[in-house]
Structures are given as C-alpha cells and as structure tokens.
Amino acid sequence: MIRIAQIIMVPMTGVGIHGCRSDDWLAYRLEIFKKYTLESLRKQTNRNFLLLLTFRPEEEGNPLVYKLGDYMNEIQMPTMISFNGLMYHDDKFSWRPRSLVMNIGRIVRQAWREKDLRQLLLIPRVFKRMNSSLPQRLETTLYELSRFPQFLDANYIYFTRIDSDDMFHKETVAEIQKVPPFEGAITVTDGYVYNQKTGELADWRPKTNPPFQTLVFLASKFFNPVEHVRAYKDFKSHEDIPKVFKCHDLGKGKYCVLVHGQQISTIFDHPFRGEIIEDLSILKNFGIEDT
C-alpha cells in the first residue's frame, strides 16, 4: 500500500537580505504567524501533517522562539523547529545580474521608505554566496526530520511551503493529499489578498507561480541530502516551478496573501491585485473570524 506523509514548511527567518531585522520585528512576525498562518493551519479539515518552522542559527536560544515552541505544544500542533536556515535555494542571493540589481533596489527603497540610511549597510550582503551552505544545512535538517515516526513507513513525502504571514483555505491540505503521488509539484493559481489594516479583501492574480507549491518526493530521495538537492533540478525560485517540474494544479482560491504593512514587497495596491470582494465571509475559510 502506498503511504504519503506531508510536511508543511514555514520559513520564519533567514529569507532575503535582512534575514531577521530585530527582536521587535521577530516578536511582531511571530504574532502575525500565530494569528493568521497558524490559525489557517489549525482550521484544516485534514490535520495529518507535520509543521516545520525554519529559523537561522542566530535565533537558537532566543526566548521568543522557545516561547513559540511552548505555544505549539499547548495547542498540540505536531511541529519541528529547525535552526539550520532555509531548506531551499534563496533567489534573493542569486548572482544573476538582474537579481543583484533588484536586491540592491529593495534595500535602497526600504531605506528611503523607513528614512533609515543605516539599511544601506546591507548592500554588501547581496554579494555573499549564502546558498553555498545549503547541502550541509539540508543534511542536518533532513536527519532530524527522518526521526519522526510518521515518516518511517512513508513512500512519498509531500513537501509544502507557505510563508509565515499567508494563509491556506481550510480544504487545501485535504485537496493536496487527494492528489495521487507522482514525482513533481502540486501548484495553485489565483488566490486572495487581505489587507489587515483596512479590512479589505480582493482577488490575487499573480503573473508567475506563487510561493505555495508542494513538491512530491519519493521518501528515499527526500531524506537523502544528495538526492534531495538533485530533485530540485534547475529550481531557483518558486517562479521556476512550472518550468522545472511536471505539475498538477489545484486551481483557484486555495490561499490568501496577508498585507500587514511590514513587508518589503507585498502591498495591497499591487499589480497582482484584482477586484475588491465585498463578501468577507470568505475569510472564515482561512481562519479569520474577527471581520
């Protein structure tokens, strides 16, 4: 009998140039995660998954993270917290000229927006080879994951990514696990965007593949660091998924992007935003009750 197991990975720190701005920033983002992303996962009709929260090594020993771990235990959410950094190639550190220019532009724009010229000191980080340690980081994280009993007799691993301030529809996990196993990717298309500040909801229509993919691995390849890296092929960004993998698409409405005012690139008045939606009852499907 073929048995699948699912891991939902949430990169908490280490994404992009900043990595983690400060303890104040981290405390704020953890509260956003608990109120929105985590609530959407707690409301899933299928809770048969392990939640993987990835932090940088710098966050190991941080009381904020340990408090989060205690909270996960209190709500009985099966969770592994890793301090080995990201489990995938971070395109923010690509050495392609276009990426370098865009990253420098992000830093300059953020420094201007926040009237904090000290952020310009981050520009040298753009040129560091931050992805070079990925195989070593993966080896440690995969070993820790392999010790969880739910993976011992799994034939396939469904490896899902969601960012720490976005949400899944309550049926998303169930629909992912209904897809028969194959070596490729399960994708989604258009979703929603919710503005926490104004209470507005709208369609979200990205022109590229959004960062909510589920990669389907043979378990033997998933837990082998060399085979794991090889399985990504030419993947460098979530935008590459349809080019690199055979895909099964779940269609529209499976996720909701949150705008909360402290993102670098996600704003409500974004070219991806579609029409405003008046029926806010949709938000209950994403774990948002206070509307």
Side-chain angles (χ1 to χ4, degrees), residues 8-13 15-18 20-22 24-44 51 53 68 91-92 102 105-116 119 160-173 175 187-213 237-239 250-291:
I8 298 182
M9 174 189 61
V10 183
M12 303 297 294
T13 63
V15 180
I17 302 302
H18 290 85
C20 180
R21 298 189 197 180
S22 65
D24 288 342
W25 176 88
L26 180 59
Y28 173 80
R29 287 302 294 257
L30 292 181
E31 288 305 311
I32 288 288
F33 165 74
K34 288 164 61 178
K35 183 175 181 180
Y36 293 100
T37 309
L38 184 56
E39 277 303 298
S40 80
L41 296 176
R42 293 181 70 187
K43 298 292 174 61
Q44 293 298 306
L51 187 58
L53 308 180
L68 175 65
D91 62 318
K92 299 296 190 299
M102 288 181 65
R106 288 188 182 101
I107 294 172
V108 172
R109 184 168 61 251
Q110 194 72 11
W112 173 262
R113 185 183 301 162
E114 297 181 2
K115 302 296 187 291
D116 182 7
Q119 294 197 35
T160 302
R161 171 190 166 178
I162 183 172
D163 286 335
S164 62
D165 52 2
D166 294 326
M167 295 156 280
F168 276 148
H169 187 282
K170 65 181 181 179
E171 297 291 344
T172 297
V173 169
E175 292 194 28
T187 56
V188 292
T189 51
D190 296 350
Y192 301 100
V193 59
Y194 175 60
N195 189 338
Q196 180 206 31
K197 301 296 184 182
T198 65
E200 293 175 288
L201 178 69
D203 289 317
W204 188 252
R205 299 169 182 165
K207 294 180 174 60
T208 58
N209 186 71
F212 300 97
Q213 72 273 356
S237 163
H238 59 87
E239 298 177 358
L250 295 180
K252 303 177 180 180
K254 311 304 179 189
Y255 66 89
C256 183
V257 172
L258 177 70
V259 173
H260 51 84
Q262 288 201 17
Q263 292 114 317
I264 293 175
S265 57
T266 304
I267 57 175
F268 195 66
D269 293 326
H270 194 283
F272 292 174
R273 196 195 82 190
E275 296 179 2
I276 297 292
I277 298 172
E278 300 296 336
D279 182 10
L280 297 182
S281 66
I282 293 172
L283 292 170
K284 292 182 179 179
N285 292 322
F286 294 90
I288 301 176
E289 303 287 350
D290 56 346
T291 56

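All values derive from a computational prediction rather than experimental measurement.
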Original post:
Which heavy atom in Pro11 sits nearest to a heavy atom in Ile162, and how many Å separate them?
Top reply: CD-O, 3.5 Å
Original post:
Can you name the closest pair of heavy atoms from Asp165 and Arg29 and give their distance?
Top reply: OD2-NH2, 3.0 Å
Original post:
Is there a side-chain contact between Asp190 and Asp203 (heavy atoms, below 4.5 Å)?
Top reply: no
Subject >> Flag side-chain contact, heavy atom, 4.5 Å: Leu38 against Leu51 >> reply: yes
**OP:** Decide yes or no on side-chain contact (heavy atoms from CB on, under 4.5 Å) for Ile288 and Glu39, but give the supporting numbers first.
**Re:** CA-CA 8 Å; Ile288 301 176; Glu39 277 303 298; over 6 Å; no
Subject >> For Phe272, ring pair (Phe, Tyr, Trp, His ring centres under 6.0 Å) partners two or more places apart >> reply: Trp204, His270
Subject >> Tyr192/Phe286 aromatic ring centres below 6.0 Å >> reply: yes
Original post:
How long is the gap from NZ on Lys252 to CZ on Arg205, to the nearest 0.5 Å?
Top reply: 7.0 Å
Original post:
So, do Phe33 and Met12 sit near enough that their side-chain heavy atoms are less than 4.5 Å apart?
Top reply: yes
Subject >> Glu239 side, atom CD; Thr208 side, atom OG1 - distance, nearest 0.5 Å >> reply: 4.0 Å
Original post:
How far does CG of Leu258 sit from CD of Gln196, to the nearest 0.5 angstrom?
Top reply: 5.5 Å
Subject >> Rounded distance [0.5 Å steps], CG in Leu26 versus CD in Glu31 >> reply: 10.5 Å
Original post:
Below 4.5 Å, heavy atoms only, C-beta onward: do Lys43 and Glu289 meet side chain to side chain?
Top reply: yes
Original post:
Do side-chain atoms of His238 reach the backbone of Asn209 as a donor and acceptor pair under 3.5 angstrom?
Top reply: yes
**OP:** Output yes when a side-chain donor or acceptor of Thr187 lies under 3.5 Å from a complementary backbone atom of Gln213, and no otherwise.
**Re:** no
Original post:
From Cys256 SG over to Leu283 CG, what is the distance, rounded to the nearest 0.5 angstrom?
Top reply: 6.0 Å
Original post:
Between atom CG of Leu41 and atom CE of Met167, what is the distance when rounded to the nearest 0.5 Å?
Top reply: 10.5 Å
**OP:** Can you sort out the partners of Lys35 under side-chain contact (heavy atoms from CB on, under 4.5 Å), two or more places apart, ordered by chain and number?
**Re:** Asp290
Original post:
How about Asp163 and Tyr255: do any of their side-chain heavy atoms sit closer than 4.5 Å?
Top reply: no
Original post:
Is there a side-chain contact between Gln44 and Thr172, using heavy atoms and a 4.5 Å cut-off?
Top reply: yes
Original post:
Is a side-chain donor-acceptor pair under 3.5 Å present for Ser281 with Asp279?
Top reply: yes
Original post:
Quick one: ring pair (Phe, Tyr, Trp, His ring centres under 6.0 Å) partners of Phe168, sequence neighbours excluded?
Top reply: none
**OP:** Would you name the heavy atoms of Asp166 and Val257 that are closest together and state the gap between them?
**Re:** OD1-CA, 3.3 Å
